[in-house]
Amino acid sequence: MACPVMHTAELNPALLPLDWLLGTWQSDEPGEGCFPTISPFRYTETLHFSHVGQPVINFMFNAFHAESKKPLHRECGFIRMQPGTNKVAFIIAQNSGLVEVEEGELTGQQLNLQTHALARISFAKEPYVQQITRVFQLRPDGRLEQTVSMATDNQPLMQHLHITYRRSP
C-alpha cells in the first residue's frame, strides 16, 4: 500500500489581500482584558490561520490565563471575502456558546469588523453579548495587533481585549 502524497494547495486568488494573516501567531507578551462586570486579567493567545485552496481562510484562536496557564477562551471559524471588493466576513463559533458573523472592510493590512449577526445557546450566561467589534492590524514592525470591543445588555460598547502577536517560524 502506497502512502498518500500530501499536496500544498495554492492560495485561492480571492484571498490574496489577506495572505498576510496566514500562519501561526503567538502573543509575545500577555494581552490585557477588562470589562466592568469582570476583574481585569492578562492572557496569552495563539492564532492559527490556514487554507486548503478554497476561497476561505480557516482559523482557530486559543487563549490562556497568563499566570495560571489555564485555558480561557476558544474561537474557531472561517474568513471569506466578497470577490472584487474589500468586504470581509468572519464566521465564528466560541466555546462560550456564542456564534457570530462579523463583517467589515480590509484597508491595506487592517481589518475592521463589527457584529452582523449573533446567536447563543439557550442557557447562556447573562448579561448577553449584543455587539462585538474587532480590529486586526499588521504593524510596520511585523507584529499583529488585535483589539476587541464588546457591548452587553447592560454595558455600552467598550474595549474588552488588546493583544499583540509575533508570527511563529
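Remember, predicted model here, so these are calculated numbers, not experimental data.
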* Asked: Between Ile132 and Leu157, does a side-chain contact (heavy atoms from CB on, under 4.5 Å) hold up when you go through it step by step?
  -> CA-CA 8 Å; Ile132 295 174; Leu157 186 67; over 6 Å; no
* To do: Begin from the C-alpha positions of Glu105 and Gln110 and carry the test side-chain contact (heavy atoms from CB on, under 4.5 Å) through to its verdict.
  => CA-CA 8 Å; Glu105 295 186 346; Gln110 179 171 317; over 6 Å; no
* **Test log, rule side chain to side chain donor-acceptor pair (under 3.5 Å), inputs Gln94 and His73** => CA-CA 7 Å; Gln94 300 186 23; His73 189 80; 3.2 Å; yes
* **Candidate pair Leu111 and Ile79, rule side-chain contact (heavy atoms from CB on, under 4.5 Å), full reasoning** => CA-CA 11 Å; Leu111 276 167; Ile79 305 170; 5.7 Å; no
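Partners of Ser68 under the side chain to side chain contact (heavy atoms under 4.5 Å, CB included) rule, at least two apart in sequence or in another chain, are His65, Lys70. Under the side chain to side chain donor-acceptor pair (under 3.5 Å) criterion, Asp28 pairs with Arg143, Thr164, Arg166, not counting sequence neighbours. With sequence neighbours excluded, the residues satisfying salt bridge (Lys or Arg N to Asp or Glu O under 4.0 Å) with Arg134 are Glu75, Glu100, Glu102. Qualifying salt bridge (Lys or Arg N to Asp or Glu O under 4.0 Å) partners for Asp153, counting only residues two or more places apart in sequence or in other chains: none. Applying the side chain to side chain donor-acceptor pair (under 3.5 Å) test to Ser50 and every residue at least two apart in sequence or in another chain returns nothing. When the salt bridge (Lys or Arg N to Asp or Glu O under 4.0 Å) test is applied to Arg120, no partner is found at least two apart in sequence or on another chain. With sequence neighbours excluded, no residue forms a side chain to side chain donor-acceptor pair (under 3.5 Å) with Gln114. Listed by chain and number, the residues in a side chain to side chain donor-acceptor pair (under 3.5 Å) with Gln82 amount to none (sequence neighbours excluded).
Identified under the ring-ring contact (aromatic ring centres under 6.0 Å, His included) test for residues 98-134, with sequence neighbours left out: none. Applying the salt bridge (Lys or Arg N to Asp or Glu O under 4.0 Å) test to every pair with at least one member in residues 47-61, sequence neighbours left out, gives no pairs at all.
Inspection of the His160 and Ser149 side chains reveals no N or O donor paired with an N or O acceptor under 3.5 Å.
At a threshold of 4.5 Å between non-hydrogen side-chain atoms, the residues Asn12 and Gln54 do not count as touching. Side-chain atoms of Val99 and Ile92, non-hydrogen and from C-beta on, never get closer than 4.5 Å to each other. Between Ile163 and Thr147, every side-chain heavy-atom pair lies at or beyond the 4.5 Å cut-off. Between Leu16 and Leu11 there is a side-chain heavy-atom pair separated by less than 4.5 Å. Side-chain contact between Thr24 and His48 is present, with at least one heavy-atom pair separated by less than 4.5 Å. Side-chain contact check for Thr133 versus Gln131: some heavy-atom pair is nearer than 4.5 Å. With a 4.5 Å cut-off on side-chain heavy atoms, Leu15 and Ile57 count as touching. Side-chain contact between Val88 and Asn112 is absent, with no heavy atoms from C-beta onward closer than 4.5 Å.
No continuous path of ILVMFWY side-chain contacts below 4.5 Å connects Leu47 to Phe64, so the two sit in separate hydrophobic clusters. Connection of Val148 to Phe90 is established within a shared hydrophobic cluster, with ILVMFWY side chains joined at heavy-atom distances below 4.5 Å, either directly or through further cluster members. There is a path of hydrophobic side-chain contacts, each under 4.5 Å, that joins Leu118 to Met158. Follow the hydrophobic side-chain contacts under 4.5 Å out from Leu106 and you never reach Val135; the two are in separate clusters. Leu72 and Phe59 end up in the same hydrophobic cluster when Ile, Leu, Val, Met, Phe, Trp and Tyr side chains are linked at under 4.5 Å.
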Considering only distance and modelled atom types, tabulate donor-acceptor pairs under 3.5 Å from the side chains of residues 34-45, sequence neighbours left out.
unit_1: Arg42; atom_1: NE; unit_2: Glu67; atom_2: OE2; d: 3.2
unit_1: Glu45; atom_1: OE1; unit_2: Tyr165; atom_2: OH; d: 2.6

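Between Gly33 and Leu161, the shortest heavy-atom contact is CA-CD2, 3.8 Å. Of all heavy-atom pairs between Leu18 and Met81, the closest is CD1-CG, 3.6 Å. Nearest approach of Asn58 to His51, heavy atoms of both residues: ND2-CA, 4.0 Å. The shortest heavy-atom contact between Ala151 and Pro156 is CB-C, 3.8 Å.
By the 4.5 Å side-chain criterion applied to Ile, Leu, Val, Met, Phe, Trp and Tyr, Val56 is assigned to a cluster that also includes Phe78, Ile91.
Judged by distance alone, the side chain of Asn95 and the main-chain N or O of Arg74 form a donor-acceptor pair under 3.5 Å. Under a 3.5 Å cut-off, the side chain of Thr85 and the backbone N or O of Lys87 do form a donor-acceptor pair. Looking only at distances, no side-chain donor or acceptor of Ser27 sits under 3.5 Å from a matching main-chain atom of Pro30.
Distance check, rounded to the nearest 0.5 Å: CZ of Arg167 to CH2 of Trp25 gives 3.5 Å. How far CD of Gln130 is from OG1 of Thr115: 9.5 Å, rounded to the nearest 0.5 Å.
Relative ring orientation between Phe136 and Phe49 is described as perpendicular, the plane-to-plane angle rising above 60° on a 0-90° scale split at 30° and 60°.
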